[in-house]
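Atoms considered below: every heavy atom in the structure, side chains included; atoms not considered: hydrogens, waters and symmetry mates. Just so it is clear, the model here is predicted, and its values are computed rather than measured.
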Amino acid sequence: MWMRMRFDLGWRDVAFGVRSMCARLDRDALNRRIRECWPRPEQMVPFLSVRSGFDLLWASLDLPPGSEVLMSALTIPDMVRIVEHHGLLPVPVDLNAANMAPELNAIRRAITPATRAIVVAHLFGTRVLLEPILEIARQHGLLVIEDCAQAFDGCHDDGHPNADVTMFSFGPIKTITALGGGVLCVRNAELLAKIESLHGLYPVQSRGSYLKRFTKYSVLMGLSSRPLCDAILAMYRAAGFDYDHWINGVVRAFPGPGWLEGLRHQPSAPLLAMLERRLRMFNPAWITARIARAQHLIRRLPAGVVRPGSAARDNSYWVFPVLADDPGRLAAELAEAGFDTTRGGSLRPVEPPEDRPELDPKTARRILAGMVFMPLCPQMPRREIERLAGVLGQLEDCLIIDPTKVEPPKIFPRTVVDVRSG
Ligand SMILES: *Cc1c(COP(=O)(O)O)cnc(C)c1O
């Protein structure tokens, strides 16, 4: 079985993590070295997670209660809950399925005199073209916050220079994970100082709680080695157990009540050490190879297969979704052929305010309902990618096919900057 649940972490990283659990480490020095991985170190702040930084951002902005925050209509539910927790009103902006960008007209429709900010999520590895959104934001005096949790492709890129805040996640399922950690780029010095002073008041995450997380994921990594995984999945299926639901529960980092308290800690020294290691040792060739695998699959997909984000000008293919009419059957048939897929993952639509049903994000709902992620992983040889495309070719009746797009897909050239040689 080709698993979609692969953690982007090697056994050497795990060994490093185990050693750093009992090492004497200097948190200040690690913080500094993490910042120095980026082009403008003075704007970067490492946090326990993106959500931790996002929560502190609203605490520092201290907007009037009831202020409205526009959000890309697909995101993880915690981002919405955090906005609500600060007495603000999340307002969805529906997406364009072709490039996964918020629709400009939907942004304009959603803006009211109470709107103060827009949170743009770059989903699945795509990058949203930010200029037109920045222009609307400038006209209306909105803060622009970029969520790059799914779009990290190297520290050379710290986000759009005109966005107010850009956020990168190194949580368990993300690119070069440190099994936690988020880095925010805050471009306003005053706001940055406020965030940092509040952050400094937080207790430091205990090494024990990072160790616990570490142990859990090491076990999961062991489980996701292929033979073991095949056996365990077969067992779950035989028992009628909802494995997808279970995995999503396990990878949720701060589950249950008190979730917000869990976020409100400074990262522990071993987490910072791991994050520093991952950023320092990042190899742009990993992203290049990921793009090449995705493009190999794209060239062999049945004509007209609808993929969210297929028209994005820039895509590093963190994940590879296709849209299906019958996602359940597609997933079952692919599993039969040895390809483990997942459906929406942890993404959810942002619900419109009760009195504004016209803002219902219909496209986001449609994407979420039909989306199936393909298990493209680094270990997969080309012939297996071709076999996956072949299986998809036989399942055309469960896929959504766009009859107007039956010519060969466009593939955009893309260069990944190698900061180390530059
Ligand atoms: C993973 C993710 C986050 C949260 O990142 P954490 O570092 O786990 O808090 C936020 N937004 C999106 C779109 C994500 O995929």
Side-chain angles (χ1 to χ4, degrees), residues 5-38 41 44-54 56 148-158 167-185 199 202-225 250-255 262-287 290 318 377-378 419-420:
M5 183 49 70
R6 293 256 171 198
F7 301 106
D8 185 11
L9 187 80
W11 289 108
R12 281 168 206 270
D13 301 309
V14 172
F16 172 86
V18 170
R19 281 199 308 279
S20 63
M21 286 303 167
C22 35
R24 284 190 52 180
L25 298 164
D26 178 348
R27 289 185 63 258
D28 291 335
L30 288 167
N31 256 304
R32 195 180 61 245
R33 291 215 293 276
I34 291 169
R35 290 167 197 244
E36 284 168 358
C37 291
W38 304 80
M44 310 307 287
V45 199
F47 292 97
L48 185 64
S49 67
V50 156
R51 284 162 292 166
S52 309
F54 193 63
L56 267 175
C148 291
Q150 304 189 352
F152 175 85
D153 66 353
C155 293
H156 63 279
D157 180 2
D158 57 2
M167 312 184 286
F168 298 93
S169 172
F170 302 92
I173 61 172
K174 302 289 154 66
T175 302
I176 61 157
T177 180
L179 300 183
V183 176
L184 266 62
C185 177
H199 193 211
Y202 281 177
V204 176
Q205 172 195 37
S206 71
R207 286 189 181 211
S209 77
Y210 186 56
L211 176 63
K212 235 193 265 166
R213 158 118 41 128
F214 207 83
T215 312
K216 181 170 91 181
Y217 285 100
S218 304
V219 170
L220 283 173
M221 275 171 69
L223 292 182
S224 63
S225 72
V250 169
V251 301
R252 229 187 25 224
F254 309 99
L263 294 174
R264 291 176 172 167
H265 288 78
Q266 300 184 53
S268 64
L271 169 54
L272 290 172
M274 180 63 82
L275 183 53
E276 192 272 337
R277 169 189 164 87
R278 303 292 342 252
L279 292 174
R280 178 168 40 82
M281 296 181 59
F282 171 75
N283 183 349
W286 299 333
I287 305 288
R290 194 168 77 188
W318 174 61
C377 58
V419 281
R420 296 170 310 169

Which word best sums up how the rings of His199 and Phe47 line up, parallel for under 30°, tilted for 30 to 60°, or perpendicular for over 60°? tilted
Nearest heavy-atom contact between Leu30 and Ala269 is CD1-O, 3.6 Å
Note to self: For a 4.5 angstrom cut-off between non-hydrogen side-chain atoms, does Lys174 reach Val50?
What the structure shows: no
Quick one: does Asp157's side chain have a donor or acceptor within less than 3.5 Å of a partner on Gly154's backbone?
no
When every non-hydrogen atom of Arg27 is compared with those of Ser268, the smallest separation belongs to NE-C, 4.2 Å
What side-chain donor-acceptor pairs closer than 3.5 Å can you find for residues 175-184, not counting sequence neighbours?
{"from": "Thr175", "atom 1": "OG1", "to": "Arg290", "atom 2": "NH1", "distance (Å)": "2.9"}
{"from": "Thr177", "atom 1": "OG1", "to": "Phe170", "atom 2": "O", "distance (Å)": "3.0"}
{"from": "Thr177", "atom 1": "OG1", "to": "Gly171", "atom 2": "O", "distance (Å)": "2.7"}
{"from": "Thr177", "atom 1": "OG1", "to": "Leu179", "atom 2": "N", "distance (Å)": "2.7"}

Scanning both residues in full, the closest heavy-atom pair of Trp38 with Pro41 reads O-CD, 3.5 Å
In terms of heavy-atom contacts, Gly17 and Phe214 come closest through CA-CZ, 3.5 Å
query: Does any non-hydrogen side-chain atom of Leu275 lie less than 4.5 Å from one of Pro267?
result: no
Interatomic distance, CZ@Arg51 vs CE@Met167, rounded to 0.5 Å, equals 11.0 Å
- Message: With a 3.5 Å distance limit and no angle check, can you tell me whether Ser20 reaches the backbone of Ala23 through a side-chain donor-acceptor pair?
- Response: no
All heavy atoms of Phe152 vs all of Leu279, minimum pair found to be CZ-CD2, 4.1 Å
Here the gap from Gln205 atom CD to Gln266 atom CD, rounded to the nearest 0.5 Å, amounts to 10.5 Å
Separation between NE2 (His265) and CG (Leu48), nearest 0.5 Å, reads 8.0 Å
Ignoring hydrogens and geometry beyond distance, is a side-chain donor-acceptor pair present between Ser49 and Ser52 at under 3.5 Å?
yes
CD1 (Ile34) and CE (Met44) are apart, to the nearest 0.5 Å, by 10.5 Å
Open item on the list: For a side chain to side chain contact (heavy atoms under 4.5 Å, CB included) check, start with the C-alpha distance between Arg264 and Leu56, then their side-chain angles and the critical distance, and finish with the verdict.
Closed with: CA-CA 9 Å; Arg264 291 176 172 167; Leu56 267 175; over 6 Å; no
Interatomic distance, CG@Asp26 vs CZ@Arg33, rounded to 0.5 Å, equals 8.0 Å
Check your understanding: Does the side chain of Phe54 reach to within under 4.5 Å of the side chain of Leu263, using non-hydrogen atoms?
Key -> no
The reported gap from CD1 in Ile287 to CG in Asp153 (rounded to nearest 0.5 angstrom) is 6.0 Å
Requested in this report: Using the side chain to side chain contact (heavy atoms under 4.5 Å, CB included) rule, take Tyr217 and Ile173 through it: C-alpha gap first, then chi angles, then the decisive distance, then the call.
Outcome: CA-CA 10 Å; Tyr217 285 100; Ile173 61 172; over 6 Å; no
Between Phe7 and Pro172 the two heavy atoms that sit nearest each other are CD2-O, 3.3 Å
